[in-house]
Amino acid sequence: MTDDSPFETRDSRLVIGVLAVQGDFAEHAAMLRRADPAVAVREVRTPKDLEGLDGLIVPGGESTTIGKLLVAYGLELPIREKAEHGMPVWGTCAGMILLARNIQGGEPDGRIGLMDLSVQRNAFGRQIDSFETELTFKGLDAPIHAVFIRAPTVRQIGEQAEALATLPDGRVVAARQGNLLATAFHPELTPDVRLHAYFIEACRAHAHSRRSEVEASPL
Ligand code: GLN
């Protein structure tokens, strides 16, 4: 387990995990630190690394591989359980696939599967499998630069989830469902830290409510 600061207590510092079994977890960790240097960032590889987390990012990479490793390292069930209990989880690209309830184009062995979304893997085909564009993102004042790399899109969005960003052709590429956030693109590959700051705020709100519950509970 590698927290930035093992010396400060969890009560004073937000601890956000980045699933670090495959994919671009290092870029997410760097963005979290840039967005808020006070956040302790922890690479997550074992169930023990999940203890006390205030939030978790599931990065881009290869969802089949990440799914296999979730099962192999015993992470699939504990992550799902924590997410069901309100821990904020943000999946980008492969991470979005692993968060979706329904997947078209090849279902990974292990996944979190809690978001009311049906996603299509590699939705842009081979010819334009990677591209960049400006996107309006609900809740952000100005558009973001979005990098898509062999990205999924949302085919169907269920009632529980809300679309946060949509391509000009109408395809949803970002969604939120309570504590769960999914983006088809890679905000960790741009200099813009606003989405990481957005996620940190969700983690902070969750940590706050969790800690006040602990304080309020009788001894
Ligand atoms: N195409 C990959 C998959 O299906 C996702 C690509 C990415 O995360 N950049 O898992």
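- Taken to the nearest 0.5 Å, the CE atom of Met31 stands 9.5 Å off from the CD1 atom of Ile57.
- Side-chain contact check for Phe148 versus Val173: some heavy-atom pair is nearer than 4.5 Å.
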Just do the side-chain contact (heavy atoms from CB on, under 4.5 Å) check on Glu188 and His196 with the steps written out, would you? CA-CA 8 Å; Glu188 73 284 8; His196 286 80; 4.0 Å; yes
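- Pro59 and Gln22 get closest at one heavy-atom pair: CG-O, 3.8 Å.
- The two atoms that bring Cys203 and Gly55 nearest to each other are SG-CA, 3.8 Å, heavy atoms only.
- By the 4.5 Å side-chain criterion applied to Ile, Leu, Val, Met, Phe, Trp and Tyr, Ile149 is assigned to a cluster that also includes Val147, Leu189.
- Screening residues 45-86 for ring pair (Phe, Tyr, Trp, His ring centres under 6.0 Å), with sequence neighbours left out, gives no hits.
- No donor-acceptor pair under 3.5 Å is formed between the side chain of Asp54 and the backbone N or O of Leu14.
- When side chains are defined from C-beta on, Asp49 does not count as touching Glu43, because their heavy atoms never get closer than 4.5 Å.
- In this structure, Arg194 contributes its side chain and Ala142 its backbone to a donor-acceptor pair below 3.5 Å.
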Start with the C-alpha gap between Asn102 and Leu117, add the side-chain angles, then the distance that decides, and say whether side-chain contact (heavy atoms from CB on, under 4.5 Å) holds. CA-CA 6 Å; Asn102 190 277; Leu117 307 174; over 6 Å; no
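- In this structure, NE2 in His145 is found 11.0 Å from CZ in Phe185, a value given to the nearest 0.5 Å.
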For residues 61-71, tabulate all N or O donor-acceptor pairs below 3.5 Å that involve a side-chain atom, not counting sequence neighbours.
unit_1 : atom_1 : unit_2 : atom_2 : d
Glu62  : OE2    : Arg121 : NH2    : 3.0
Ser63  : OG     : Arg121 : NE     : 3.4
Ser63  : OG     : Arg121 : NH2    : 3.4
Thr64  : OG1    : Arg121 : NH1    : 3.3
Thr64  : OG1    : Arg121 : NH2    : 3.0

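- Taking 4.5 Å as the limit, every side-chain heavy atom of Ile103 sits out of range of all side-chain heavy atoms of Leu98.
- A salt bridge between Glu84 and Arg80 is absent, with no side-chain N of the basic residue lying under 4.0 Å from a carboxylate O of the acidic one.
- Between the side chain of Asp192 and the backbone N or O of Pro187, no donor-acceptor pair lies under 3.5 Å.
- In terms of hydrophobic clustering, with Ile, Leu, Val, Met, Phe, Trp and Tyr side chains grouped at heavy-atom distances under 4.5 Å, Leu181 and Val193 are assigned to different clusters.
- For the pair Cys93 and Thr183, the minimum side-chain heavy-atom distance is 4.5 Å or more.
- The two residues Pro152 and Phe124 come nearest to each other via the heavy atoms O-CE1, 4.2 Å.
- Each of Arg171, Met96, Gln120 was evaluated against Val154; a single residue qualifies, Met96, per the side-chain contact (heavy atoms from CB on, under 4.5 Å) test.
- With contacts defined as side-chain heavy-atom distances shorter than 4.5 Å, the pair Val44/Phe25 does not qualify.
- Although no hydrogens or angles enter the test, the distance criterion places no donor-acceptor pair under 3.5 Å between the side chain of Arg101 and the main chain of Asp116.
- Surrounding CD of Glu134 are more than 12 heavy atoms belonging to other residues, nucleotides or ligands, all under 6.0 Å away.
- Checking side-chain atoms of Asp129 against main-chain N and O of Gly125 turns up no donor-acceptor pair under 3.5 Å.
- For Glu201, the CD atom counts as densely surrounded, since its 6.0 Å shell holds more than 12 non-hydrogen atoms of other residues, nucleotides or ligands.
- Under the 4.5 Å side-chain heavy-atom criterion for grouping Ile, Leu, Val, Met, Phe, Trp and Tyr, Phe131 is connected to Ile144 within one hydrophobic cluster.
- By the neighbour-count criterion of 12 heavy atoms within 6.0 Å, atom NE2 of His208 is sparsely surrounded, having that number or fewer from other residues, nucleotides or ligands.
- Look at Asp36 and Arg204 and you find a salt bridge, because one of the NZ, NE, NH1 or NH2 atoms lies within 4.0 Å of a carboxylate O, short of that distance.
- A heavy-atom distance below 4.5 Å is found between the side chains of Leu50 and Ile79.
- The hydrophobic clustering, which links ILVMFWY residues whose side-chain heavy atoms are closer than 4.5 Å, places Leu53 and Val21 together.
- In terms of heavy-atom proximity, Glu51 sits nearest to Arg42 at O-NH1, 2.8 Å.
- The distance from atom CZ of Arg150 to atom CG of Asn122, rounded to the nearest 0.5 Å, is 4.5 Å.
- Although no hydrogens or angles enter the test, the distance criterion places a donor-acceptor pair under 3.5 Å between the side chain of Thr92 and the main chain of Gly60.
- Side-chain atoms of His28 never come within 3.5 Å of backbone atoms of Val18 as a donor-acceptor pair (strictly under, hydrogens ignored).
- Note on Met87 and Val58: same hydrophobic cluster, where clusters join Ile, Leu, Val, Met, Phe, Trp and Tyr whose side-chain heavy atoms are under 4.5 Å apart, directly or indirectly.
- Scanning both residues, Gly91 and Leu99, for their nearest heavy atoms gives N-CD1, 3.4 Å.
- At least one side-chain heavy atom of Leu114 sits less than 4.5 Å from a side-chain heavy atom of Leu180.
- Side chain of Arg45 to backbone of Ala20: a donor-acceptor contact under 3.5 angstrom is found.
- In this structure Asp24 satisfies the side chain to side chain donor-acceptor pair (under 3.5 Å) test with no other residue, sequence neighbours excluded.
- Using a 4.5 Å heavy-atom cutoff, the side chains of Val172 and Thr153 are not in contact.
- Nearest heavy atom pair, residue Gly110 against residue Glu76, reads CA-OE2, 3.6 Å.
- The distance from atom CG of Leu75 to atom CG of Leu56, rounded to the nearest 0.5 Å, is 9.0 Å.
- In this structure Phe199 satisfies the ring-ring contact (aromatic ring centres under 6.0 Å, His included) test together with Trp90, sequence neighbours excluded.
- Remark: Glu107 engages Arg111 in a side chain to side chain donor-acceptor pair (under 3.5 Å) (not counting sequence neighbours).
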